[in-house]
Undergrad: 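Attaching a single structure in structure tokens format; questions to follow.
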Amino acid sequence: MKNSTLYYQTMEFGDSFFGQSHDFAKHYAPRLLLTIICLMVVAAFTSRLRASGQPPSLRDPIPFVFNTAQFVYGNEKFMNRAKNVLKTTSVAKFYMGIKPVYLLAGSKNIQAIFGRSQNVNNYEIMLRWNLPKWYKFSKEDLKRFAADKSGRGRNPLPGTESIPPDHRFFYGYEHVHTEYLGKPQYLNPLIEYFMHDFSRNLDKYAVHKCTTLSVRDFCKHDVTKCAVRTLLGPKPNELYPNFEDFMWDFDEEAFTIALGFPKWIHSRPHKVHERYLAATQEYLDSAWAHFDWNDPSATAAAWEPHFGARVCREILKWFKDNGFNEPSTGAGAMAILLWAANSNVIPLCLWMMFEVAKDPSLLQILREEFNTAYVTDPRTGSRTLNLQKFAALPLLTSVYTETLRLSMSFNVVRNVSQTFTLDGYKIPKGALVQVPTLVAHYDEDVWGIEAHPASEFWAERHIKYTEEKDDSGKISSKRVFDMGGRSGSYFPYGGGNLICPGRNLAKLEMTLTVALLISKFDVEFVEWIKFDGSPSDRPPQHLGELCGGGTAQPDRDMKIKIRPITSL
């Protein structure tokens, strides 16, 4: 594809060239000849790459150094270069240090990678960075995970069938998350708790005729406190009223912590990590001391006040039952669980509120749609929210989907444990493959239409309209959420057997936050502001230095006024 594009550009230049005067042609003929020779060399080189089974490479002015440094410290510029290369090829290569990395584009390649569990995984990433650096696993616990080569699937990978079921640690640990964050009987009570807790939090603003808010502060404190209580229960905030600040401080340093700089070189990341883990350990000490494991009603509860959500105590119980180094392992697991559940969701909630608050017509339509998810008890007249209907609201789901499409900025990373071929290229054992959201989610051929390019937010991008006839025969237009066969180019939570198990909890927390706010208050956009509160002359943009690390953080804030709605 790359060669054909260059070929047609050359033909275009040649056509215009031969329409000029003889002197003009004579002047530019050497340059044209040189251009043609260069294109022939590029074509020959690319053919040799494909013949050798290797894809085109990103330019690396200082081999093994330039691309590595730019990927780590200037990821936005790196990804813009990668996007340009991936417009002309489905696979591109660069080196991270001396490790080959293959960037993939195209829905077929993406689905192929997500469908591979035998030779594409994240074991090395977990064992080298996540578990030792973030979780602070002991060497003994790390060795036990490292000995498990059986995979995350229900069935062990070929050749590992002899591993005892109770030594399949990756699968066991993953299964606890999938079971207790994904199944409705455990998920729905968490959503109901969040909904009631967040509604109570909003009541403190209802006593005022008008309140001016920073959307960023509201999300990072009010919304996060409710999310903490939903997952861990009330104890963390009882022990530390601003417990969420410990988590956000860790969030700022998470990447540096993963790099593993010694404390004597850079002490702050270690200090904030230690403080966050110590506070989490205090919550766990209290939970272990007061929870009654012999009480059937407590052990069966989807949420209780000591550990919080059942997923928390099931994770801790799994570690203890499998002989891991409690309590330190549990503190790391809980701290990372909470961080993973909020580090992307809260900034996404921020972006979603930006889009809704600045558009009064969209806000009103969403408010009307939200009211259709309530059901009225014919006997008492009380109104309750039907979560199933709420989760299926088409426009709210489209706004949520569009927010994630534009603001999730990360590369899905996998280790290659066995050599395989993808789209004609050989991907060798020991390499990394990366699937960047910034390429797939911004692909104009997939998402763009003439009036609404892929780079812009459009609330109805994932909506289609169908005709519906009522009992009287009247025909009306109905909104329906529809990805239009584009799901292969949309993966904000990853994909395959490593897809985020908390994705449904994340979606419902985000959408409920926006829906409950606009259902209880009139929301008026005031102005864009900088983080210090001073006025900004422009709306927010993605913070470039945080590109590729998860949710793209906004570089501006929004000031809003909220006024209680006296009647629905």
Undergrad: Of all residues at least two apart in sequence or in a different chain, which pass the side chain to side chain contact (heavy atoms under 4.5 Å, CB included) check with R128?
TA: E124

Undergrad: Checking side-chain contact (heavy atoms from CB on, under 4.5 Å) between M195 and each of L508, T513, L516, T230, which is the one that passes?
TA: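 Going through L508, T513, L516, T230 one by one, the side-chain contact (heavy atoms from CB on, under 4.5 Å) with M195 is satisfied by L516 alone.
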
Undergrad: Taking the basic N atoms (NZ, or NE/NH1/NH2) and the acidic carboxylate oxygens, is any pair closer than 4.0 Å for E460 and R479?
TA: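 Here E460 pairs with R479 in a salt bridge, since their nearest N and O are under 4.0 Å apart.
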
Undergrad: With K83, which residues qualify under side-chain hydrogen bond (donor to acceptor under 3.5 Å, both in side chains), at least two apart?
TA: none

Undergrad: Is a side-chain donor or acceptor of N411 paired with a backbone partner of V413 at a separation under 3.5 angstrom?
TA: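 Absent.
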
Undergrad: Tell me, yes or no, whether the heavy-atom count around K77 atom NZ, taken from other residues, nucleotides or ligands under 6.0 Å, exceeds 12.
TA: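 No, not enclosed.
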
Undergrad: Only one of K559, R556, K530 clears side chain to side chain donor-acceptor pair (under 3.5 Å) with S536; which?
TA: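 Exactly one option meets the side chain to side chain donor-acceptor pair (under 3.5 Å) with S536, and it is R556.
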
Undergrad: Using modelled atom types and a 3.5 Å cut-off, is there a donor and acceptor pairing between side-chain atoms of K136 and backbone atoms of E274?
TA: no

Undergrad: Taking side chain as C-beta onward, heavy atoms only, is W458 less than 4.5 Å from I449?
TA: yes

Undergrad: So, for W339 and F246, is the gap between ring centers shorter than 6.0 Å?
TA: no

Undergrad: Is the shortest distance from a Lys or Arg side-chain nitrogen in K235 or E238 to a carboxylate oxygen in the other one below 4.0 Å?
TA: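 The answer is yes: the pair qualifies as a salt bridge.
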
Undergrad: Should the pair F324 and W318 be assigned to parallel (<30°), tilted (30 to 60°) or perpendicular (>60°) ring geometry?
TA: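 Parallel, since the angle between the ring planes stays under 30°.
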
Undergrad: Counting N and O atoms only, with roles assigned by atom type, does the side chain of R461 sit under 3.5 Å from a partner on the main chain of S398, one being a donor and the other an acceptor?
TA: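 No.
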
Undergrad: Taking the cut-offs as 6.0 angstrom to the six-membered ring centre and 45 degrees off its axis, would you call R216 and F531 a cation-pi pair?
TA: yes

Undergrad: Is K220 atom NZ crowded by more than 12 heavy atoms from other residues, nucleotides or ligands, each under 6.0 Å away?
TA: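 Yes, enclosed.
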
Undergrad: Tell me whether N67 contacts the main-chain N or O of Y95 through its side chain, where contact means a donor paired with an acceptor under 3.5 Å.
TA: no

Undergrad: So how far is it from E369 CD to T397 OG1, rounded to the nearest 0.5 Å?
TA: 7.0 Å

Undergrad: Rounded to the nearest 0.5 Å, how far does CG of L104 lie from CD1 of I113?
TA: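 Spacing of CD1 (I113) from CG (L104) equals 5.0 Å.
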
Undergrad: Counting neighbours of CD on Q185 that are heavy atoms of other residues, nucleotides or ligands and sit closer than 6.0 Å, is the number greater than 12?
TA: yes

Undergrad: Could you check if a side-chain atom of E509 sits within less than 4.5 angstrom of a side-chain atom of I346, using non-hydrogen atoms only?
TA: no

Undergrad: Which value, rounded to the nearest 0.5 Å, describes the distance between L385 atom CG and S199 atom OG?
TA: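 The OG atom of S199 is 9.0 Å from CG of L385, to the nearest 0.5 Å.
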
Undergrad: Are the aromatic ring centres of F243 and Y283 under 6.0 angstrom apart?
TA: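 They do not qualify: ring centres at least 6.0 Å apart.
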
Undergrad: What's the spacing between K358 NZ and M353 CE if we round to 0.5 Å?
TA: 14.0 Å

Undergrad: So F319 and F137, would you call those rings parallel, tilted or perpendicular, with 30° and 60° as cut-offs?
TA: perpendicular

Undergrad: Can you tell me which residue pairs pass the side chain to side chain donor-acceptor pair (under 3.5 Å) test with a partner in residues 340-352, sequence neighbours excluded?
TA: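 Qualifying pairs: N344-T551.
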
Undergrad: If every non-hydrogen atom of P554 is compared with every non-hydrogen atom of L350, which pair is closest and at what distance?
TA: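 Smallest interatomic distance, heavy atoms only, reads CG-CD2, 3.4 Å.
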
Undergrad: Please walk me through it: do F218 and I560 pass side chain to side chain contact (heavy atoms under 4.5 Å, CB included)?
TA: CA-CA 10 Å; F218 178 75; I560 59 172; over 6 Å; no

Undergrad: Does the W303 side chain pair with the main chain of P189, one donor and one acceptor, at a distance under 3.5 Å?
TA: no

Undergrad: Classify the ring geometry between F250 and Y276 as parallel (under 30°), tilted (30 to 60°) or perpendicular (over 60°).
TA: tilted

Undergrad: For H177, enumerate each residue passing the ring pair (Phe, Tyr, Trp, His ring centres under 6.0 Å) test, keeping only those at least two apart in sequence or located in another chain.
TA: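 Partners of H177 under the ring pair (Phe, Tyr, Trp, His ring centres under 6.0 Å) test: Y173.
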
Undergrad: For the backbone of A552 and the side chain of S407, can you confirm whether one donor and one acceptor N or O come within less than 3.5 Å of each other?
TA: no

Undergrad: Compare every heavy atom of V101 with every heavy atom of M96, then report the nearest pair and how far apart it is.
TA: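 Shortest heavy-atom contact: CB-CG2, 3.7 Å.
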
Undergrad: Should we count CZ of R538 as having more than 12 external heavy atoms under 6.0 Å?
TA: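 For R538, atom CZ is crowded (more than 12 foreign heavy atoms under 6.0 Å).
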
Undergrad: What is the minimum heavy-atom distance between L277 and A331, and which atoms define it?
TA: CD2-O, 3.9 Å

Undergrad: Testing the basics here: between L363 and A357, what is the closest heavy-atom pair and its distance to 0.1 Å?
TA: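 L363 and A357 have their closest heavy atoms at CD1-CA, 4.4 Å.
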
Undergrad: Can we say D197 and R200 salt-bridge, meaning some charged N sits less than 4.0 Å from an Asp/Glu carboxylate O?
TA: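 Salt bridge between D197 and R200, a charged N being under 4.0 Å from a carboxylate O: yes.
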
Undergrad: Is R486 salt-bridged to D443, cutoff N-O under 4.0 Å?
TA: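 Salt bridge absent between R486 and D443.
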
Undergrad: Is a side-chain donor or acceptor of N109 paired with a backbone partner of A105 at a separation under 3.5 angstrom?
TA: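 Yes.
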
Undergrad: What orientation do W528 and F354 show, parallel under 30°, tilted 30 to 60°, or perpendicular over 60°?
TA: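 W528 and F354: perpendicular rings.
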
Undergrad: Please check: side-chain N/O of R414 versus main-chain N/O of F114, any donor-acceptor pairing under 3.5 Å?
TA: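 No, the answer is negative, given that no donor and acceptor are paired below the 3.5 Å cut-off.
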
Undergrad: Measure up the F481 and H462 rings against each other and bin them: parallel (under 30°), tilted (30 to 60°), perpendicular (over 60°).
TA: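 Tilted.
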
Undergrad: If the plane angle is over 60° it's perpendicular, under 30° parallel, otherwise tilted; pick one for F145 and F169.
TA: tilted

Undergrad: CD1/I191 to CG/N504 distance, rounded to the nearest 0.5 angstrom?
TA: 8.5 Å

Undergrad: Identify the heavy atoms of M510 and V345 that sit nearest to each other, and give their distance.
TA: CG-CG1, 3.6 Å

Undergrad: For L406, does its backbone N or O pair with a side-chain atom of Y442 as donor and acceptor, under 3.5 Å?
TA: yes

Undergrad: Is it true that E402 and R405 have a side-chain N and a carboxylate O under 4.0 angstrom from each other?
TA: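 The answer is yes: the pair qualifies as a salt bridge.
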
Undergrad: If you compare all heavy atoms of L316 against all heavy atoms of G330, which two are closest, and at what distance to 0.1 Å?
TA: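 The answer is CD2-CA, 3.5 Å.
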
Undergrad: List the steps, then state whether side chain to side chain contact (heavy atoms under 4.5 Å, CB included) holds for D222 with K204.
TA: CA-CA 11 Å; D222 292 58; K204 70 184 180 185; 3.2 Å; yes

Undergrad: For a quick check under 3.5 Å, do R152 and N121 share a side-chain donor-acceptor pair by atom type?
TA: no

Undergrad: Assess whether salt bridge (charged side-chain N to carboxylate O under 4.0 Å, His left out) is satisfied between D245 and R275, documenting all intermediate values.
TA: CA-CA 11 Å; D245 290 340; R275 183 179 64 176; over 6 Å; no

Undergrad: One pair to check against side chain to side chain contact (heavy atoms under 4.5 Å, CB included): V433 and V91. What are the steps and the verdict?
TA: CA-CA 10 Å; V433 293; V91 185; over 6 Å; no

Undergrad: So, the side chain of D148 versus the backbone of F170: is there a donor-acceptor pair under 3.5 Å, distance only?
TA: yes

Undergrad: Kindly write out the residues that satisfy side-chain hydrogen bond (donor to acceptor under 3.5 Å, both in side chains) with D445, not counting sequence neighbours, or none if the list is empty.
TA: none

Undergrad: Can you confirm whether K389 is buried at NZ, in the sense that more than 12 heavy atoms of other residues, nucleotides or ligands lie under 6.0 Å from that atom?
TA: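 Check passes, neighbour count above 12.
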
Undergrad: Using the salt bridge (charged side-chain N to carboxylate O under 4.0 Å, His left out) criterion, which residues pair with E244? Sequence neighbours excluded.
TA: K225

Undergrad: Nearest 0.5 angstrom please: L362 CG to L395 CG, how far?
TA: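 Between L362 CG and L395 CG, I get 6.0 Å after rounding to 0.5 Å.
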
